[in-house]
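Contents: one structure, followed by commentary.
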Amino acid sequence: MIDISIVISGAAGQGVQTVEQLLVGILKMSGFNVFATKEYESRVRGGTNSTELRISTTRVAAFVNRIDILVPFSKAAIKHVKPRLSEKTVILADESLLGEEDAANYSHLIKLPLQKTAIEVGKKIYSNVVSVGAITGLFGADPEIGKKFLRQRFQTKGETIITQNQEAFDKGYVMGKELKDQGMVDFTIEPTEGVESEILFNGNQAVALGAIAGGCNFISAYPMSPSTGVLIYLAQHSEEFEIVIDQAEDEIAAINKTVAAWYAGARAIASTSGGGFALMGEGLSLAGIMESPLVIHIAQRPGPATGLPTRTAQEDLNLALYGGHGEFNRVIFAPGTIQQAFYLTQKAFNLADEFQVPIFVLTDQDFVDGYYNIPSLDISQLSNKKHIVETADDYKRYLLTKNGISPRGVPGYGEGLVRADSDEHDEYGHITEDMEYLRPAMTEKRVFKRRKLLEAVAESPSLVPDAEYRTLVLCWGSNYHVVKEGIAMAEKQGVSMLHFHQVYPLPKIIAETIQKAEKIILIENNATGQFGKVLTLELGINIPREMQFLRYSGKPWSVEEIVKIIQKEAL
Amino acid sequence: MIDISIVISGAAGQGVQTVEQLLVGILKMSGFNVFATKEYESRVRGGTNSTELRISTTRVAAFVNRIDILVPFSKAAIKHVKPRLSEKTVILADESLLGEEDAANYSHLIKLPLQKTAIEVGKKIYSNVVSVGAITGLFGADPEIGKKFLRQRFQTKGETIITQNQEAFDKGYVMGKELKDQGMVDFTIEPTEGVESEILFNGNQAVALGAIAGGCNFISAYPMSPSTGVLIYLAQHSEEFEIVIDQAEDEIAAINKTVAAWYAGARAIASTSGGGFALMGEGLSLAGIMESPLVIHIAQRPGPATGLPTRTAQEDLNLALYGGHGEFNRVIFAPGTIQQAFYLTQKAFNLADEFQVPIFVLTDQDFVDGYYNIPSLDISQLSNKKHIVETADDYKRYLLTKNGISPRGVPGYGEGLVRADSDEHDEYGHITEDMEYLRPAMTEKRVFKRRKLLEAVAESPSLVPDAEYRTLVLCWGSNYHVVKEGIAMAEKQGVSMLHFHQVYPLPKIIAETIQKAEKIILIENNATGQFGKVLTLELGINIPREMQFLRYSGKPWSVEEIVKIIQKEAL
Amino acid sequence: MELDFTEKLYDMPQEKAWCPGCGHFTMHKHLRAALAELKIPPKNLVLVSGIGQAAKLPQYTRGHMFNGLHGRSLPAAMAIKAANPELTVIVTSGDGCSYGEGGNHFLAQIERNADIVNIVNNNMIYGLTKGQASPTSLRGMKTHVQVTGVTNEPFNPLAVAIAMGATFVARVFPGNKEQTVSIIKQAIQHKGYALVDSFVQCVSMNKLNSFKWYKEHTYEIDDFHDVTDRQAAFAKALETGNYPTGILYKEEGKPVFWEQTAAYESRSEPLYKRDVDWEKLKAMIDAKRSI
Amino acid sequence: MELDFTEKLYDMPQEKAWCPGCGHFTMHKHLRAALAELKIPPKNLVLVSGIGQAAKLPQYTRGHMFNGLHGRSLPAAMAIKAANPELTVIVTSGDGCSYGEGGNHFLAQIERNADIVNIVNNNMIYGLTKGQASPTSLRGMKTHVQVTGVTNEPFNPLAVAIAMGATFVARVFPGNKEQTVSIIKQAIQHKGYALVDSFVQCVSMNKLNSFKWYKEHTYEIDDFHDVTDRQAAFAKALETGNYPTGILYKEEGKPVFWEQTAAYESRSEPLYKRDVDWEKLKAMIDAKRSI
Ligand SMILES: Cc1ncc(C[n+]2csc(CCOP(=O)(O)OP(=O)(O)O)c2C)c(N)n1
Ligand SMILES: Cc1ncc(C[n+]2csc(CCOP(=O)(O)OP(=O)(O)O)c2C)c(N)n1
Ligand code: SF4
Ligand code: SF4
Ligand SMILES: [Mg+2]
Ligand SMILES: [Mg+2]
């Protein structure tokens with residue numbers, strides 16, 4: 001396996017993102033597996049951000065600490081990633097950035113006339129494209145792909161801009177090719193058959209796309225990093241898919257609008273981050289008593305309060321689990337792959353519709369901003385089943401049935417009246433004070449009967465690589481790829497990962513799978529082991545504190561860190 | 001022990017509450033132990049409510065299902081409590097209420113000319129006072145005490161009203177006395193020395209009083225049953241105790257104002273119910289990252305959403321425990337007695353101040369509306385320690401110290417600047433993106449170091465009646481008296497109660513106390529055993545589902561129900 | 001089934017949990033009269049409310065019901081209308097619910113020109129929670145919380161609605177049946193957001209603002225008032241000694257929220273009848289192959 | 001220690017995380033100039049904000065700081081002033097924070113006449129979250145969320161504040177330094193709630209409302225405007241093609257929140273200096289013996 005990590009770093013506004021997007025596009029279309037993940041500050045200009053691109057002969061989708069090629073856009077950028085540099089790291093920088101002393105500090109320093117070339121071509125701003133060309137050259141990819149891509153991207157900007165970009169790219173390409181040909185650097189990597197026609201979506205897009213596939217036609221959301229991408233993506237496709245977009249006045253409005261939209265027959269989603277969700281508790285509880293379907297996407301970030309708005313964490317599982325007052329059921333998905341994000345979100349709409357409970361899709365910054373090529377999203381097997389009934393004259397919204405599901409009508413479909421109530425109610429939905437019969441019966445329906453149904457359809461975790469293990473590494477959500485790759489890299493026998501893409505409720509039978517292991521390791525991205533507590537309460541599994549590897553710095557786990565844990569702890 | 005339960009029942013607006021207050025006052029001042037608890041609908045007029053009064057030779061403070069004397073104000077009232085009536089129940093009603101058929105249905109039916117007498121005295125409205133007189137007469141208490149009390153109560157209404165009330169009382173008294181003297185009823189009960197000079201506060205008042213004792217000088221709250229009593233009580237004493245009263249525009253404002261008031265040096269409390277608290281999550285989290293002291297009173301009621309607004313439940317422990325996004329510490333008190341409500345609330349302010357974390361006082365409708373005589377609230381040992389430091393020029397609000405407490409300054413006291421931040425911050429309180437050092441250090445301070453300190457000062461539960469037991473009944477909050485009395489009444493050997501007035505964090509050592517029992521029974525007022533889960537996570541105690549007695553009807557447990565459980569389950 | 005459009009049609013059989021003499025009874029009657037006159041079938045009607053005494057009104061009215069959270073009736077109503085514009089959506093809630101807890105939603109739904117009727121039974125008190133000041137309570141009124149009297153400036157819903165650019169702003173006094181019913185009807189017929197603030201008495205908790213007080217402190221706006229003149233409307237809204245009743249401001253033709261969304265660009269059927277366009281979705285996914 | 005009251009005194013050393021050319025820089029400078037001219041010691045000054053680009057301003061200003069939650073700056077500021085009226089409390093936040101998420105608090109703190117200065121850096125966009133419409137965004141402006149253009153009626157903060165009875169309502173354009181500094185000073189000196197809506201450019205996210213645009217679409221209110229005439233102020237507030245800058249409305253002498261609370265009836269010292277009156281408490285408990 002050949003696997004090269006390229007890090008581009010610079011201030012916000014310097015074009016790190018443009019370079020990332022161009023490179024990812026060009027390299028994917030050149031047949032290389034690509035993965036991109038970024039880290040950035042909560043500001044629009046300045047500071048220092050970075051993007052990691054991995055180019056590989058196999059599929060990779062996790063953050064590695066190692067940097068093979070660094071493309072810094074500022075002196076600060078080099079300092080920013082300094083702890084990650086090794087003797088092997090090739091630093092590819094504009095000549096203006098590097099002083100005499102740097103040559104002594106870094107072994108593989110390559111100064112290129114990026115800016116000078118850009119100015120020659122037309123404008124200083126093209127230096128980003130020069131560097132894109134240089135990297136493409138380093139890999140010996142077909143320059144025509146790059147030029148085609150640039151044409152496509154700058155299509156609307158006019159012919160001069162297009163050709164100047166292409167020229168800048170070409171000049172960079174020559175520099176890169178030369179470095180390669182001269183043996184200054186050696187990143188020989190063969191393209192993989194088929195990759196060039198694969199697709200790329202990031203986590204937010206996969207959730208949004210899953211929502212569209214789930215029939216979503218209504219979103220009310222208040223912007224909040226890192227969740228805003230879902231709102232944006234749905235807005236941008238709202239005309240194609242006929243979606244009501246409401247940028248809500250606040251998160252309380254958003255959740256109430258979402259519940260009410262379901263009431264009136266829409267398929268609606270609320271999308272926010274932890275702080276926004278902390279305002280939605282009462283509305284969530286409303287869905288609980290109204291027995292309303294509801295889909296909520298929470299893109300987690302480190303708290304408390306504003307915390308680190310653009311960083312990553314898995315700190316809001318507890319809140320998703322226990323948010324809202326009173327008692328009612330819910331389901332929590334936590335996708336670990338782009339495919340899971342898509343399919344689970346699509347499923348969320350149908351599950352919500354069928355069981356009339358809130359379904360959460362819990363992601364985080366690391367997950368929503370990351371992307372990599374996947375073969376496709378196969379929608380041929382998907383369908384949406386609406387569980388709406390045509391109401392008869394004497395319709396009872398909260399009919400007490402044996403299995404605990406009251407057939408759901410919507411206003412205007414049928415002869416009945418649909419009366420939804422936030423008070424405790426009778427079967428018609430009318431306010432009641434009956435504590436002898438109705439209150440217990442409605443509670444049993446909402447709490448016990450639903451729980452049984454939901455447990456029965458709970459998704460099983462993924463056991464990877466296989467069913468023979470002595471050490472089992474438990475994780476959930478965004479840690480899928482990093483743990484999987486960490487296990488593979490650690491090259492220890494008998495280590496498997498059990499990854500939960502549904503974190504609540506859990507199928508009871510999983511306890512056996514876990515207990516079969518001689519040693520259990522838990523990996524989470526929070527300080528208190530929130531999922532570990534779910535395992536204790538749901539399955540009776542207790543993981544000692546020393547075997548809980550908890551990170552709460554705002555950064556994702558790196559493959560190297562997981563490798564280290566496994567090498568040290570696995571049997 | 002002689003113990004008589006009187007139930008007064010009627011529509012809202014018919015004066016049930018007046019009768020209750022008059023009787024409680026007169027009977028307490030006559031030297032009888034009294035306890036009053038009420039249940040009422042969410043409306044201002046009509047419906048059917050009831051109050052239970054217990055008059056006893058020993059202290060009692062729990063709801064009994066049994067009714068010894070029923071005073072119905074309407075036909076519906078009799079129907080309302082019908083399941084609680086026995087052959088022994090004496091029904092004392094106005095003659096107009098009872099038909100021929102009733103005599104056949106109820107054995108001890110006493111018709112009195114309450115209304116007729118009232119009209120003779122002056123107005124129909126006096127019939128309530130006639131019935132108060134009658135009951136006073138039944139117990140053979142000194143009528144002068146009643147008349148004195150009426151004078152006091154109607155002081156501002158003018159002499160005519162006072163004397164007419166007294167006359168009505170007298171006439172009723174004669175009726176009651178006659179019934180007693182004729183042997184029609186026999187409720188002979190001796191007064192207890194000293195009771196007449198004891199004091200009476202309900203749960204809300206005890207919390208409010210505790211707040212005042214804790215130096216509370218700021219409340220921002222939005223009205224919500226059953227918590228509004230705290231706001232009202234503080235408002236009514238705001239001039240005496242110089243308290244800023246802010247009826248907030250909503251609960252979000254309330255919590256933000258409370259946090260900000262602490263920031264500026266006030267001692268502030270937020271008081272609400274579950275639904276209001278569900279809106280406070282983000283504000284709670286703000287206190288978490290700001291390391292702000294905070295006192296929150298939640299008077300629980302059944303949810304989800306609006307649920308049963310005037311009923312009781314213990315459903316919001318989870319939300320108090322996990323509310324707010326991100327990770328930080330908190331303490332949850334759940335008083336079981338009026339004294340605990342007072343002392344714990346007072347303590348809450350000092351604990352909050354010292355440890356700079358949110359402190360919850362968790363009550364419920366059953367608790368806040370109930371009251372009974374207690375000897376006193378001894379404030380002679382109380383004091384308030386302010387942990388505010390005078391700031392120096394280079395003051396750092398978030399100084400990283402060994403024990404994890406950063407000395408807290410307030411604006412205007414000292415030379416330093418007090419910079420409180422909802423973003424992750426450095427020691428000065430300035431926004432940071434440092435994930436290497438500051439973020440982990442601040443998290444460790446907020447999560448681990450605080451937790452250790454708080455565990456060390458955690459309140460131990462009460463073991464009642466004694467330390468020798470085979471069966472241990474676990475409960476928390478408002479179930480103190482009912483479980484205690486249930487155990488006493490069950491007359492089984494080797495049964496004790498372990499009542500938690502602090503439900504989080506728990507002192508680890510308590511696990512031993514619990515494990516010493518051969519059998520453990522859990523009593524809660526919710527459907528999912530929320531405190532049971534705290535016991536599992538905090539102490540590793542697992543109580544099988546069959547030994548969890550969970551009630552979720554909106555009604556409090558009765559002594560009889562507890563007796564039954566103990567008789568059936570205790571070893 | 002042929003419906004007999006009478007006020008009774010809209011009445012529900014349950015006992016009403018209001019105090020005898022409560023102003024909510026009267027408004028309930030007038031609303032039903034207006035619905036009857038407009039012959040709105042209950043199955044096309046959604047009543048939305050929050051929590052409070054006024055908010056119980058949908059419980060007692062025949063139609064669909066969304067009895068949501070305290071303060072959150074407006075976002076719910078807006079969403080219901082956007083999910084199914086064929087429905088007539090009427091919010092009936094209290095002053096505390098609408099202008100207190102729900103203040104931000106009041107602003108935001110006016111900004112959207114949400115196509116709903118917003119009837120606020122304004123009794124200048126929190127009724128259900130037993131008598132605390134509401135945002136519209138008058139300065140100086142004493143309650144068990146406002147022990148030395150209300151100190152806040154009373155919220156002026158009409159002035160704010162006019163400042164916000166609301167397209168239908170009216171006040172009614174239900175003691176004036178004819179005007180009240182007529183205005184409710186016009187509000188329902190109005191396309192866009194319509195505010196009807198209604199002066200109702202709370203006989204149990206507000207001894208100051210009684211039926212008599214409202215009667216003595218209101219007058220009917222005369223025909224000379226130009227309802228399209230925003231400045232004049234604002235002047236009327238500021239009259240507070242003697243409060244004008246009637247339509248203060250009205251603007252026709254301003255686009256409403258739902259019709260400006262992508263969902264109704266090319267077709268009008270309600271959302272519950274729709275499913276995803278799988279072809280388009282497939283095309284969108286495949287388009288990503290060449291990027 | 002003698003302080004040298006210059007604009008620099010109020011500047012903090014940290015790097016400012018704003019884009020070059022951002023309007024928040026200018027307002028920051030003008031605010032500091034106003035503070036310097038009024039010689040307000042940093043230790044008497046509390047800067048309160050929510051979250052957003054504008055809300056970073058207190059981070060960069062010497063004084064006490066309460067950098068709270070998005071949308072919640074006003075309740076925090078009101079409480080700080082009520083806990084210690086000796087402090088000068090200034091809120092500096094953005095249009096989204098103040099009029100979007102925080103709309104209800106905007107209404108409620110005006111009702112209270114909270115004794116604070118409310119500076120809103122109104123760039124008609126959500127800056128920090130990268131360019132969604134804010135309540136003040138103009139109709140038709142396209143963003144990545146408002147893909148076919150903003151359809152909401154823009155929120156008119158001045159008109160609403162005047163309708164609410166706010167006691168100091170002003171707009172500034174920081175390109176006009178003299179007027180801006182003067183108005184900030186007057187706002188600080190005003191007893192009661194003072195709104196200063198400030199037209200600042202967001203160079204990165206709002207290409208429509210540039211510095212140039214604001215310059216071309218504003219004019220200074222002349223001396224003939226009577227700032228005590230609410231009706232005239234409202235008319236000015238409704239001018240939106242060409243926006244007036246200056247003080248639109250001002251009312252002196254209306255009591256403020258904190259001075260009407262029981263805490264300051266008989267003494268003025270801040271709450272942190274106080275403890276419970278144990279004698280009174282004992283008396284209150286004992287009084288219960290005879291009931
Ligand atoms: C979030 C929340 N806060 C508080 C309450 C308690 N509450 C119920 S009704 C009400 C006030 C009702 O006043 P208003 O809206 O004026 O209606 P009215 O009863 O006067 O008709 C309040 C505060 C609640 N149900 N939910
Ligand atoms: C509860 C909550 N919702 C959303 C956000 C995300 N958020 C941060 S700043 C911001 C908008 C800021 O816009 P504005 O107040 O106009 O300030 P600007 O950045 O334009 O100066 C939003 C939506 C948040 N921090 N908290
Ligand atoms: S309390 Fe007031 S608002 Fe409520 S029902 Fe009674 S009169 Fe009506
Ligand atoms: S994004 Fe706009 S508001 Fe934010 S710093 Fe840049 S220019 Fe200023
Ligand atoms: Mg009201
Ligand atoms: Mg802005």
Side-chain angles (χ1 to χ4, degrees), chain A residues 25 28-29 197-201 209 212-215 217-218 220 237-246 248-250 252-254 256-261 263-268 282-283 286 376-377 379 382 384 386 388 410-413 415-423 429-431, chain C residues 1 12 14 17 42-44 46 48 51 56 58-59 62-69 72 74-84 86-87 104-105 107-109 111-112 257-258 261-267 270-278 280-282 284-286 288-291:
Chain A
K28 195 275 297 188
M29 277 155 59
S197 67
E198 292 197 353
I199 59 175
L200 283 165
F201 288 105
L209 219 53
I212 291 174
N217 46 27
F218 191 108
S220 181
H237 297 280
S238 59
E239 298 194 86
E240 259 165 290
F241 293 98
E242 303 182 315
I243 303 167
V244 174
I245 305 291
D246 177 59
E249 58 269 33
D250 55 36
I252 301 172
N256 279 278
K257 286 172 178 176
T258 307
V259 172
Y263 162 81
R267 284 193 158 205
E282 205 201 5
L286 178 68
S376 189
L377 292 170
I379 62 171
L382 297 183
N384 292 316
K386 291 200 187 174
I388 297 174
V410 299
Y413 181 46
E415 291 302 312
L417 298 178
V418 183
R419 297 176 65 88
D421 200 358
S422 85
D423 296 280
H430 294 144
I431 190 170
Chain C
M1 191 182 55
M12 294 288 277
Q14 304 104 285
K43 57 174 264 192
N44 287 0
V46 187
V48 181
I51 295 296
K56 288 178 183 166
Q59 295 273 354
R62 193 173 312 281
H64 303 285
M65 174 181 91
F66 187 94
N67 187 181
L69 296 172
R72 316 304 170 187
L74 286 174
M78 170 276 188
I80 291 166
K81 185 74 185 182
N84 187 347
E86 292 171 0
L87 301 166
N104 203 30
H105 312 307
L107 302 180
Q109 269 44 250
E111 286 165 10
R112 282 158 179 71
F257 176 79
W258 67 263
T261 70
Y264 301 101
E265 247 168 41
S266 57
R267 52 176 172 155
L271 301 186
Y272 77 86
K273 295 190 177 163
R274 308 184 184 190
D275 193 9
V276 51
D277 185 332
W278 295 103
K280 272 192 194 159
L281 181 57
K282 190 165 174 355
M284 185 160 91
I285 292 169
D286 285 338
K288 275 280 180 178
R289 298 195 185 283
S290 58
I291 279 170

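Below, chain A is the first sequence line, B the second, and so on; all start at residue 1.
Considering only residues two or more places apart in sequence or on other chains, K81(C) meets the salt bridge (charged side-chain N to carboxylate O under 4.0 Å, His left out) condition with D115(C). Remark: E240(A) engages H237(A) in a side-chain hydrogen bond (donor to acceptor under 3.5 Å, both in side chains) (not counting sequence neighbours).
For the set K282(C), M78(C), R62(C), E111(C), the entry with the most heavy-atom pairs within less than 4.5 Å of chain A is M78(C). Highest contact tally toward chain A, considering only V276(C), D275(C), V46(C), N67(C), is held by N67(C) [criterion: heavy-atom pairs under 4.5 Å]. Each of I80(C), T261(C), L74(C), I51(C) has some count of heavy-atom pairs under 4.5 Å with chain A, and the biggest count is that of I80(C). Ranked by heavy-atom pairs shorter than 4.5 Å toward chain A, the options K273(C), E86(C), R274(C), K56(C) are led by R274(C).
In this structure, I212(A) CD1 and D277(C) CG are separated by 11.0 Å, a value rounded to the nearest 0.5 Å.
Judged by distance alone, with hydrogens and angles left aside, the side-chain atoms of K288(C) form no donor-acceptor pair with the main-chain N or O of S197(A) at under 3.5 Å. The backbone N or O of P58(C) lies less than 3.5 Å from a partner atom in the side chain of R419(A), making a donor-acceptor pair. No donor-acceptor pair closer than 3.5 Å links the side chain of K43(C) to the backbone N or O of G416(A). Between the E198(A) side chain and the R289(C) main chain, no donor and acceptor come within less than 3.5 Å of each other. Counting only distance, with no hydrogens or angles, the side chain of R72(C) and the backbone of K257(A) share no donor-acceptor pair below 3.5 Å. Between the side chain of H64(C) and the backbone N or O of P411(A), no donor-acceptor pair lies under 3.5 Å.
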**OP:** Could you give me the CA-CA distance, side-chain angles and deciding distance for S266(C) and E242(A), then say whether side-chain hydrogen bond (donor to acceptor under 3.5 Å, both in side chains) is met?
**Re:** CA-CA 9 Å; S266(C) 57; E242(A) 303 182 315; 3.2 Å; yes
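Of the two parts of Q14(C), only the side chain, counted from C-beta on, holds a non-hydrogen atom closer than 4.5 Å to a non-hydrogen atom of chain A. Using a 4.5 Å cut-off between heavy atoms, E265(C) contacts chain A through its side chain alone, with no backbone atom that close. Heavy atoms closer than 4.5 Å to chain A are found in both the backbone and the side chain of N104(C). If you measure heavy-atom distances from L87(C) to chain A, the contacts under 4.5 Å come from the side chain alone.
Of the charged side-chain nitrogens involved, at least one lies within less than 4.0 Å of a carboxylate oxygen, so that R112(C) and D246(A) count as a salt-bridged pair.
A perpendicular orientation is assigned to the rings of Y263(A) and F66(C), their planes being inclined by more than 60° (bins at 30° and 60°).
A 4.5 Å side-chain heavy-atom check between L107(C) and E249(A) finds every atom pair outside the cut-off.
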